[in-house]
Amino acid sequence: MSPRPTTRIMSAASIGALVVALTGCGEDAQEVDADYAQICVQQDPETGEDVRVDDDECDDAGRPRGSFIPMFLFLNAGRSFAVPPVGSPVPPSSGFTTTRPPASATVARGFAPSGTSVGRSGVSKGFGGSSSGWGS
């Protein structure tokens, strides 16, 4: 006996939701045409954790200013990554690192202070990454 049509529809919807969850892609992800995402952090003196600060604390070329340090995240195609809100810790498991990207890489900057999810697009959408200047 074959499954009822409603069972097939529900199964297809469940599989679709699972694919979105496993790949990390969703409609809420900000797509950028860049190889890396950059945020600015400062070490919390009490906890020793890196905490995201306003991106204006790191300069446009991604160089540190005083105790503020840029962190970078390699963006894989087809996957989105969480960008923490300003004031939140940036755990090592987030994928952000202080290792600078290659000079030929494009870097997206200027993510929402409230945090967001970012993913790499294949085509520029008119916002986000550039190797010079801030994204929106």
Side-chain angles (χ1 to χ4, degrees):
M1 176 178 221
S2 64
R4 295 185 320 232
T6 56
T7 304
R8 280 190 233 151
I9 292 170
M10 288 174 48
S11 295
S14 297
I15 291 170
L18 181 62
V19 168
V20 168
L22 290 177
T23 61
C25 289
E27 292 182 30
D28 294 341
Q30 177 182 348
E31 291 186 8
V32 294
D33 186 25
D35 301 313
Y36 289 83
Q38 176 191 320
I39 59 172
C40 191
V41 300
Q42 182 179 36
Q43 190 174 57
D44 183 321
E46 293 179 19
T47 65
E49 292 180 304
D50 289 324
V51 175
R52 184 176 175 206
V53 296
D54 191 274
D55 291 333
D56 290 339
E57 299 298 339
C58 291
D59 76 10
D60 208 24
R63 292 184 297 261
R65 284 188 186 168
S67 63
F68 302 104
I69 304 164
M71 291 188 85
F72 304 92
L73 172 69
F74 178 69
L75 299 174
N76 294 324
R79 183 158 181 233
S80 63
F81 299 89
V83 175
V86 169
S88 296
V90 181
S93 62
S94 69
F96 280 95
T97 177
T98 56
T99 302
R100 299 186 68 66
S104 61
T106 54
V107 179
R109 302 174 179 90
F111 297 103
S114 60
T116 188
S117 186
V118 64
R120 183 176 179 174
S121 69
V123 180
S124 175
K125 302 274 185 194
F127 59 84
S130 68
S131 58
S132 63
W134 291 90
S136 59

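Throughout, numbering of the chain's residues begins at 1 and tracks the sequence.
Side-chain N or O atoms of Asp35 include one that pairs as donor or acceptor with a backbone N or O of Thr106 at under 3.5 Å. Between the side chain of Ser121 and the main chain of Val32, a donor-acceptor pair closer than 3.5 Å is present.
Between Cys58 atom SG and Arg109 atom CZ the span is 10.0 Å, to the nearest 0.5 Å. With rounding to the nearest 0.5 angstrom, the CZ atom of Phe68 is 11.0 Å from the CG atom of Asp56. Rounding to the nearest 0.5 Å places CE of Met71 at 12.5 Å from CZ of Arg100.
With sequence neighbours excluded, no residue forms a salt bridge (charged side-chain N to carboxylate O under 4.0 Å, His left out) with Asp50. In terms of the side-chain contact (heavy atoms from CB on, under 4.5 Å) criterion, residue partners of Val86 (sequence neighbours excluded) are, by chain and number, Arg52, Pro113. Judged as a ring pair (Phe, Tyr, Trp, His ring centres under 6.0 Å), and not counting sequence neighbours, the contacts of Tyr36 are Phe74.
Phe81 has its side chain within reach of Leu75: a pair of non-hydrogen atoms, C-beta onward, lies under 4.5 Å apart. The shortest distance between side-chain heavy atoms of Phe96 and Pro84 falls below 4.5 Å. Taking 4.5 Å as the limit, every side-chain heavy atom of Val41 sits out of range of all side-chain heavy atoms of Val53. No side-chain heavy atom of Gln42 sits less than 4.5 Å from a side-chain heavy atom of Val51.
In plain terms, the two heavy atoms of Cys40 and Asp54 that are nearest each other are CB-O, 3.9 Å.
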*Might you work through the side chain to side chain contact (heavy atoms under 4.5 Å, CB included) test for Leu73 and Thr97, ending with a clear yes or no?*
CA-CA 6 Å; Leu73 172 69; Thr97 177; over 6 Å; no

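Ion pairing between Arg120 and Asp33 fails under the 4.0 Å rule for side-chain N and carboxylate O.
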